[in-house]
Amino acid sequence: MTHSSEELIEIGNRTNSPSYKPAPMILDHGEGVRLYDLKGTEYLDFVAGIAVNALGYNHPRQVKVLKEQSERLLHVSNMFLTAEQVELMEALVSRSFADRVFLCNSGAEANEAGIKLARAYQRNVLGRQDRYEIITFAYSFHGRTYGALSATAQPKYHKGFEPMLPGFVTAKFNDLESVKEVIGDRTAAILVEPVQGEGGVMPAMQEFLEGLRALCDEHDLLLIFDEVQAGMGRTGSLFAYQGYGVEPDVLNLAKGLGGGVPIGATLATQKVYDGWTRGSHATTFGGNPLVSAVAREVIAVIEEDGLCENATAMGELLQEGLRELAKSFDVIKDVRGRGLMVGAEVGAENAGDIAVKAREQGLLINTAGGHTLRFVPPLVIQKADVEDCLARLKEALTQWTLCKDSE
Ligand SMILES: Cc1ncc(COP(=O)(O)O)c(C=O)c1O
């Protein structure tokens with residue numbers, strides 16, 4: 001290592017995209033649910049790369065597959081098949097409602113494919129040429145590429161980058177009447193996160209998703225679930241839709257799918273994919289053997305180690321503990337979530353400062369929607385980790401309260 005931690009922070013701040021403002025430390029390695037910076041400081045990680053590192057750090061099975069695959073074959077092209085890619089697609093299809101998968105590199109890209117599938121389905125399968133509009137929801141987040149960004153119904157992400165693409169209309173989350181009001185002659189699909197993540201960790205109500213399914217059936221619209229954050233065991237079932245018992249027509253995944261390697265996926269039925277023909281869509285890196293091999297192993301570990309059940313149990317414990325803390329710290333206004341996608345609402349003026357205080361106590365959390373502390377730890381956390389998190393958060397809240405009182 002040629003640079004000190006301070007030098008790296010200075011160079012990083014000078015050379016990094018100004019759209020990022022990383023925390024002032026240099027992360028060096030991880031083990032289990034803990035991260036270590038260059039100076040050796042330990043952090044309990046309840047960010048997990050923003051709901052990505054499902055198996056935590058240095059998981060022996062993940063590392064083994066990564067090593068072995070890297071020595072055999074990294075990348076070919078979607079002009080060719082590899083066993084790793086085929087076995088991943090088969091694993092996803094056999095565990096879901098879907099018949100086919102488009103593999104890509106990120107959540108935004110998975111949503112882009114979903115949007116293109118919806119328009120192609122209306123035109124090429126149903127013959128409805130004018131149906132291109134997608135209904136999305138206030139406080140949604142679907143990614144930063146123009147299609148996904150246009151679908152994201154949060155003006156703060158659009159500001160300075162307008163015009164957004166046409167063809168997206170906004171309804172209110174958990175409000176079926178508002179959806180009925182915007183369904184019209186141009187509607188093609190409804191795109192929704194079963195649990196809104198970036199918007200503030202807000203689970204959909206059961207009746208809401210059931211109602212969306214019924215509306216889609218009634219009007220021949222596609223129901224697209226963006227499970228980029230909520231999928232892959234995080235909410236207590238492999239796919240969040242399974243926990244609700246409401247099947248979408250298109251399912252978009254990323255984040256936890258690779259447990260740290262960049263991969264996304266758009267799953268749908270044959271009928272939906274009938275809208276695409278050769279050349280309709282493609283991506284260079286999507287589903288290369290390296291990421292496919294890792295993702296296949298992540299699914300195996302999630303299942304064999306009971307990580308969906310663990311997410312449910314640990315999530316309940318975490319929510320209970322946060323509710324207990326709320327009794328002593330009235331800054332916590334609400335605690336909500338599903339599985340290990342948990343939020344504690346503390347207000348926009350407090351959330352960032354509390355997250356910093358938590359970091360000072362060696363606990364990594366981040367904020368969602370500006371007003372909510374978000375807890376999305378690796379799915380492998382144990383009871384002792386939850387207790388550790390709550391103890392560190394309690395100390396952080398105590399310190400934050402002292403600072404606030406002395407202002
Ligand atoms: C629900 C949801 N969809 C899409 C995205 C975008 O994913 P990516 O950053 O991989 O493009 C995110 C990222 O936070 C997300 O939470």
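Each ligand, and each atom within it, is numbered from 1 in the order the structure gives. For this chain, numbers begin at 1 and follow the sequence in order.
Distances from ligand 1 to the non-hydrogen atoms of D226 include at least one value under 4.0 Å. Within the 4.0 Å heavy-atom cutoff, Q196 does not count among the residues contacting ligand 1.
Residue contacts with ligand 1: F141 is placed with a nitrogen or oxygen under 3.5 Å of a nitrogen or oxygen of the ligand (distance criterion only). Of the N or O atoms in G143, none lie within a sub-3.5 Å distance of an N or O in ligand 1. Distances between N or O atoms of E109 and those of ligand 1 include no value under 3.5 Å. Looking at ligand 1, you'll find an N or O of G107 within less than 3.5 Å of one of its N or O atoms. For ligand 1, the polar-atom distance check against E193 finds no nitrogen or oxygen pair separated by under 3.5 Å.
When atom types are taken as modelled, the side chain of N174 and the backbone of M205 share a donor-acceptor pair closer than 3.5 angstrom. A donor-acceptor distance shorter than 3.5 angstrom exists from the side chain of N310 to the backbone of L379, with no hydrogens or angles considered.
The heavy atom nearest to atom 16 (O) of ligand 1, out of those in E198, Q229, M341, is found in Q229.
In this structure, E324 pairs ionically with K327, as a charged nitrogen and a carboxylate oxygen lie closer than 4.0 Å. One finds a salt bridge joining R392 and E42 here, because a Lys/Arg side-chain nitrogen approaches an Asp/Glu carboxylate oxygen to under 4.0 Å. With salt bridges taken as basic N to acidic carboxylate O contacts below 4.0 Å, one links R72 and E84.
Near N111, meaning under 4.0 Å from one of its heavy atoms, ligand 1 places the atoms 3 (N), 4 (C). Per-residue contacts place S106 under 4.0 angstrom from the following atoms of ligand 1 (heavy atoms of the residue considered): 10 (O), 11 (O). Near K255, meaning under 4.0 Å from one of its heavy atoms, ligand 1 places the atoms 12 (C), 13 (C), 14 (O), 16 (O). Atoms of ligand 1 found under 4.0 Å from any heavy atom of V228, numbered from 1 in the order shown, are 2 (C), 3 (N), 4 (C), 5 (C), 7 (O), 12 (C), 15 (C).
For Y139, the OH atom is loosely surrounded, since the number of other residues' heavy atoms within 6.0 Å does not exceed 12. Counted within 6.0 Å of CZ on R100, heavy atoms from surrounding residues, nucleotides or ligands total 12 or fewer; the atom is thus considered open. Around the CG atom of N13, the shell of radius 6.0 Å holds more than 12 heavy atoms that belong to other residues, nucleotides or ligands.
Of the heavy atoms in R144, none comes closer than 4.0 Å to ligand 1. Counting heavy atoms closer than 4.0 Å to ligand 1, residue A108 contributes atoms from both its backbone and its side chain.
Aromatic pair H75/F285: ring centres closer than 6.0 Å. Aromatic pair F141/Y157: centroids less than 6.0 angstrom apart.
In this structure, atom 9 (O) of ligand 1 has its sub-4.0 angstrom surroundings free of protein heavy atoms.
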